[in-house]
Amino acid sequence: MVQGKRKFVEFMLVLTGLILVFFLIMQPLTVYHFREHISVLFPKGQIALEERNLLFIIQALMLLIVLPVYVLTFVFSWKYRAHRHNATYDPDLVDNKLAEYIWWGLPLVLTAVVSVLTWVKTHELDPYKPIVSDKKPITIQVVALQWKWLFIYPEEKIASLNFVQFPEGTPIHFDITADAPMNSFWIPHLSGQIYAMPNMKTELNLIADETGEFRGSSANLSGVGFSGMHFIAKASSEEDYHQWVVSAKKASTVLNFTGFNALAAPSQNNAPELYQVSDEKLFDQILMKYMHP
């Protein structure tokens with residue numbers, strides 16, 4: 001009977017170990033297979049890359065504790081099994097100072113390291129912090145509506161709905177507000193999310209390291225049209241960007257504050273659209289829309 005229990009314990013340890021190894025192998029393979037759909041782990045911009053690297057570093061630091069715990073679980077299960085007759089019996093052993101230092105000291109040191117690293121990187125990746133570059137930043141004003149995104153280019157005097165384009169390698173400065181319930185602006189390939197709120201302006205700086213079309217979306221539940229509240233963020237060459245600006249300036253629809261109020265009415269799954277902007281202070285008027293005179 002003792003022999004049977006021993007074999008059962010051995011079988012369970014081996015089976016559990018194989019399952020753990022299987023998941024450890026399958027996880028990176030699954031991530032690689034679905035890499036086109038996991039934009040946070042495969043960034044296309046400087047800011048998103050640094051955020052991804054911070055995530056990896058913190059996970060690696062935590063694995064310094066997690067992996068030994070997994071290994072020691074199997075070691076202790078085998079070493080201190082009930083039917084190990086040649087083991088030393090020591091009922092008076094209360095504690096071990098070396099062990100206490102290890103399992104309290106290492107997590108404490110790790111927590112301190114992660115805290116300091118997160119503090120430093122949080123300031124380095126401040127979304128309000130301009131990106132250093134030899135190219136002039138482009139300012140794009142973003143307005144979250146129900147359930148669509150309006151992008152205003154104040155210098156070019158154009159606007160676009162559910163589509164934003166900018167040249168690769170050029171810093172982009174977003175001024176963000178909302179004329180709808182609180183929302184969150186997010187282009188996962190290029191940066192983290194930042195909130196959009198009525199009567200308030202938030203800022204986000206990012207840069208695309210390569211050309212491509214990236215999915216932008218709302219990262220905050222905002223009602224029945226939330227699932228369709230996404231847009232295309234296109235990073236293109238300088239030439240393609242300027243050609244797009246020229247075509248937008250020829251748009252048939254002119255957008256002013258009156259037209260904006262009509263556009264702000266709730267609607268879902270809107271197709272991309274281009275506008276000429278006739279009011280230079282349109283974004284400021286939207287920002288102050290609900291403020292007292």
Side-chain angles (χ1 to χ4, degrees), residues 1-35 37-43 45-129 132 184 186 188-195 219-220:
M1 184 175 179
V2 173
Q3 188 70 16
K5 289 184 177 180
R6 177 180 177 180
K7 289 185 177 181
F8 177 75
V9 172
E10 292 176 353
F11 171 77
M12 291 304 298
L13 287 174
V14 172
L15 178 62
T16 306
L18 290 175
I19 293 174
L20 179 61
V21 171
F22 173 77
F23 280 108
L24 289 176
I25 294 174
M26 287 304 298
Q27 186 176 28
L29 293 177
T30 303
V31 169
Y32 180 77
H33 180 73
F34 292 102
R35 61 189 181 279
H37 306 285
I38 311 177
S39 50
V40 172
L41 298 183
F42 297 91
Q46 173 187 330
I47 301 300
L49 177 62
E50 293 187 18
E51 291 174 347
R52 192 279 309 270
N53 290 344
L54 175 61
L55 176 66
F56 280 177
I57 291 171
I58 291 177
Q59 285 186 331
L61 290 173
M62 290 189 292
L63 285 175
L64 293 177
I65 299 296
V66 174
L67 289 180
V69 169
Y70 274 118
V71 173
L72 290 174
T73 299
F74 291 96
V75 171
F76 277 50
S77 298
W78 179 252
K79 183 175 181 179
Y80 297 103
R81 64 191 185 276
H83 301 287
R84 186 180 176 220
H85 300 294
N86 60 343
T88 302
Y89 179 65
D90 189 359
D92 298 320
L93 179 63
V94 177
D95 57 21
N96 184 296
K97 289 186 178 180
L98 177 60
E100 293 283 350
Y101 284 134
I102 292 175
W103 61 55
W104 286 107
L106 288 182
L108 179 62
V109 171
L110 180 64
T111 302
V113 171
V114 171
S115 300
V116 171
L117 180 62
T118 303
W119 172 273
V120 172
K121 287 296 182 180
T122 297
H123 287 276
E124 288 183 0
L125 297 173
D126 181 358
Y128 284 61
K129 185 178 180 180
V132 178
S184 183
W186 192 24
H189 274 113
L190 302 179
S191 71
Q193 64 86 25
I194 192 162
Y195 288 110
N220 193 71

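Just so it is clear, the model here is predicted, and its values are computed rather than measured. Residue numbers count from 1 along this sequence.
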Discussion item. I'd like to know if E124 pairs up with K121 as an ion pair, taking the criterion as any Lys NZ or Arg NE/NH1/NH2 lying under 4.0 Å from an Asp or Glu carboxylate oxygen.
Written reply: yes
Worksheet entry | Between CG on residue L72 and CG on residue L67, distance to nearest 0.5 Å | 11.0 Å
Discussion item. Would you compute the distance between atom CG of N53 and atom CD1 of I57 and round it to the nearest 0.5 angstrom?
Written reply: 6.0 Å
Discussion item. Rounded to the nearest 0.5 Å, what separates atom OH in Y70 from atom CD1 in I65?
Written reply: 13.5 Å
Item to complete: Indicate the atoms forming the closest heavy-atom contact of Y32 with F42, along with that distance.
Response: CA-CZ, 4.5 Å
Worksheet, complete the sentence: Closest non-hydrogen atoms of S191 and A48, given as atom of the first, atom of the second and distance, are N-CB, 3.6 Å
Worksheet item: Which value, rounded to the nearest 0.5 Å, describes the distance between T111 atom OG1 and L106 atom CG?
Response: 10.5 Å
Worksheet item: Where do I58 and L117 come nearest, in terms of heavy atoms and distance?
Response: CG1-CD2, 4.3 Å
Worksheet item: At their closest point, which heavy atom of H123 faces which heavy atom of K129, and how far apart are they?
Response: O-CD, 4.1 Å
Worksheet, complete the sentence: Closest non-hydrogen atoms of G192 and W186, given as atom of the first, atom of the second and distance, are C-CD1, 3.5 Å
Worksheet item: With a cut-off of 6.0 Å (strictly less than), are more than 12 heavy atoms of other residues, nucleotides or ligands near CZ of F22?
Response: no
Fill in: Inter-residue atom distance S115.OG - L110.CG, 0.5 Å rounding
9.0 Å
Discussion item. Within the supplied structure, the quantity of interest is the number of heavy atoms (other residues, nucleotides, ligands) at a distance under 6.0 Å from Y101 OH; does it exceed 12?
Written reply: no
Worksheet item: Any sub-3.5 Å donor-acceptor pair from R52's side-chain atoms to L41's backbone N or O?
Response: yes
Discussion item. Under a 3.5 Å distance rule, please check whether W119 uses its side chain to pair with a backbone N or O of V114 as donor and acceptor.
Written reply: no
Fill in: Straight-line distance of L29 CG to M26 CE, nearest 0.5 Å
6.0 Å
Worksheet item: Judged by atom type as modelled, is there a donor-acceptor pair below 3.5 Å linking the side chain of E50 to the main-chain atoms of L125?
Response: no
